Amino acid sequence: MIVTDSSAYLPPDLVATHPIRVIPLTLNWDGQTYRDGVDIQATEFYNRLSTSSTLPSTSQIPPGDFENIIKELLVVDYDVLLLPISSGISGSYQSAASVVNNFPADRVVLLDTKLVSMALGFQVLAAARAAAAGANLTECKQTAQQAYGHIGVFFTVDTLKYLAAGGRINSAKRLLGAALDIKPILEIRDGKIELVNSVRTRNKAIDRMLQMVEKEIGGRSPVRISVFHALAPETAEELLETARLRFSPIEYFLSEISPVVGSHVGPSTVAIAYHAGG
């Protein structure tokens, strides 16, 4: 069984039809605690965030949550591959690391994915499909590691205030005093959020992301594409259709950015992830 967290925000039908279990991350807002994607859904979250005078905070998955799901799966004879959100973005990896040594090393394995959102989702899917095809735990880990080198993600945010407030990107500080119409383009690089470009308009940001994806794909096949968004469905649908026609993916998904991840990037964020070759 592949165990991940809600930051991947995999479409529910994919989770239901693959050996995947999802642990929800936690959102704290105005004195209330919400489980990501369980107690609060993406659209509801972004509508509230757009008008709220307060910002939510997020919590890493506590060690006990990892321990409980591992025990539950071992009892029913599953080996467990843990693929949580990047250690460079969340402390959830450290939570998992604090408990895995309590279990047999040949039954439970933890990997620092260095990924988030549907980029993580692609890695999880690769490992889960290997598991469903009969691969053992070591082989599933190797599949996830191999997939990492074939996966990437770019995104653009409407404002940098959420990333800056959460301390998730150092380079955001360089742009905070820039013109309000600057649209940054970011990526997950070596497990952290990095600024890679900036343009003047949202449309140019979308075009530039497509150019970057095309360069990174580099003619490799097969191609899988996911577009995911925070309260920007029309833009996301247009981007997915453009990507579908441009890259001829064998698989493509439209998803939302989970509330916990969304609290750090804000409404109107649009992202595109790819898995090419491998």
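Only a predicted model underlies this, so the values are computations on that prediction, with no experimental measurement involved. Hydrogens, waters and symmetry mates are skipped; everything else that's a heavy atom, side chains included, is used.
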>> Heavy-atom count check: over 12 atoms from other residues, nucleotides or ligands less than 6.0 Å from Tyr252 OH?
In response: no
> What residues form a salt bridge (charged side-chain N to carboxylate O under 4.0 Å, His left out) with Glu237, not counting sequence neighbours?
Replying inline: none
> Of all residues at least two apart in sequence or in a different chain, which pass the side chain to side chain contact (heavy atoms under 4.5 Å, CB included) check with Ala8?
Replying inline: Thr4, Leu10, Leu120
> Asn28: what forms a side chain to side chain contact (heavy atoms under 4.5 Å, CB included) with it, not counting sequence neighbours?
Replying inline: Thr26, Thr33, Ser57, Ser59
>> According to salt bridge (charged side-chain N to carboxylate O under 4.0 Å, His left out), does anything in residues 268-278 pair up with another residue at least two apart or in another chain? List the pairs.
In response: none
>> Does Leu195 form a side chain to side chain contact (heavy atoms under 4.5 Å, CB included) with Glu187? I'd like the steps, not just the answer.
In response: CA-CA 7 Å; Leu195 175 70; Glu187 71 171 331; over 6 Å; no
> With no hydrogens and no angle check, is any side-chain donor or acceptor of Ser90 less than 3.5 Å from a backbone partner on Ser92?
Replying inline: yes
>> Hydrophobic clustering (ILVMFWY, side-chain heavy atoms < 4.5 Å, transitive) - are Ile151 and Leu83 grouped together?
In response: yes
> With Gln146, which residues qualify under side chain to side chain contact (heavy atoms under 4.5 Å, CB included), at least two apart?
Replying inline: His150
> Is a donor on one side and an acceptor on the other found under 3.5 Å between the side chain of Ser255 and the backbone of Pro11?
Replying inline: no
Report, one line per pair, each donor and acceptor closer than 3.5 Å where one atom sits in a side chain of residues 265-278; sequence neighbours left out.
| residue | atom | partner | partner atom | Å |
| --- | --- | --- | --- | --- |
| Thr269 | OG1 | Val265 | O | 3.2 |
| Thr269 | OG1 | Gly266 | O | 2.9 |
| His275 | NE2 | Gly277 | O | 3.4 |

> Counting distance only, does the side-chain N/O of Thr113 pair as donor-acceptor with the main-chain N or O of Leu115 below 3.5 Å?
Replying inline: yes
> Does one side chain, of Gln60 or Ser95, offer a donor that lies under 3.5 Å from an acceptor on the other?
Replying inline: yes
> What residue pairs, at least two apart or across chains, pass salt bridge (charged side-chain N to carboxylate O under 4.0 Å, His left out) with a residue in residues 114-128?
Replying inline: none
>> Membership question, hydrophobic clusters at under 4.5 Å side-chain separation (ILVMFWY): are Val196 and Val227 in the same one?
In response: yes
>> Atom OH of residue position Tyr78 - does it have more than 12 heavy atoms of other residues, nucleotides or ligands inside 6.0 Å?
In response: no
> Would Tyr93 and Leu110 count as a side chain to side chain contact (heavy atoms under 4.5 Å, CB included) if you check the C-alpha gap in whole Å, the side-chain angles of each, and the deciding distance to 0.1 Å?
Replying inline: CA-CA 8 Å; Tyr93 172 84; Leu110 169 66; 3.5 Å; yes
>> Can you give me the closest heavy-atom contact between Leu14 and Phe253, atom names plus distance?
In response: CD1-CE2, 3.4 Å
> Quick one: ring pair (Phe, Tyr, Trp, His ring centres under 6.0 Å) pairs with a partner in residues 219-247, sequence neighbours left out?
Replying inline: none
> Quick one: salt bridge (charged side-chain N to carboxylate O under 4.0 Å, His left out) partners of Asp112, sequence neighbours excluded?
Replying inline: none
List, one per line, each side-chain donor-acceptor pair under 3.5 Å for residues 63-75, sequence neighbours excluded.
| residue | atom | partner | partner atom | Å |
| --- | --- | --- | --- | --- |
| Asn68 | ND2 | Gly64 | O | 3.2 |
| Glu72 | OE2 | Arg21 | NH1 | 3.0 |
| Glu72 | OE2 | Arg21 | NH2 | 2.8 |

> Is there a donor-acceptor contact under 3.5 Å linking the side chains of Gln94 and Ser87?
Replying inline: no
> Looking at Arg224 and Pro249, what are the two nearest heavy atoms and their distance?
Replying inline: CA-CB, 4.3 Å
>> When you measure from the side chain of Arg220 to the backbone of Ile217, do you find a donor-acceptor pair of N or O atoms at a distance under 3.5 Å?
In response: yes
> Are the side chain of Thr156 and the backbone of Pro184 linked by a donor-acceptor contact shorter than 3.5 Å?
Replying inline: yes
>> Check whether Thr201 reaches the backbone of Lys204 with its side chain - one donor and one acceptor, N or O, closer than 3.5 Å.
In response: yes
>> Once side chain to side chain contact (heavy atoms under 4.5 Å, CB included) is applied, do any residues pair with Thr54, and if so which ones, sequence neighbours excluded?
In response: Trp29, Asp30, Ser52
> Which residue pairs satisfy the side-chain hydrogen bond (donor to acceptor under 3.5 Å, both in side chains) criterion with at least one member in residues 120-145, sequence neighbours excluded?
Replying inline: His18-Arg129, Arg129-Glu251
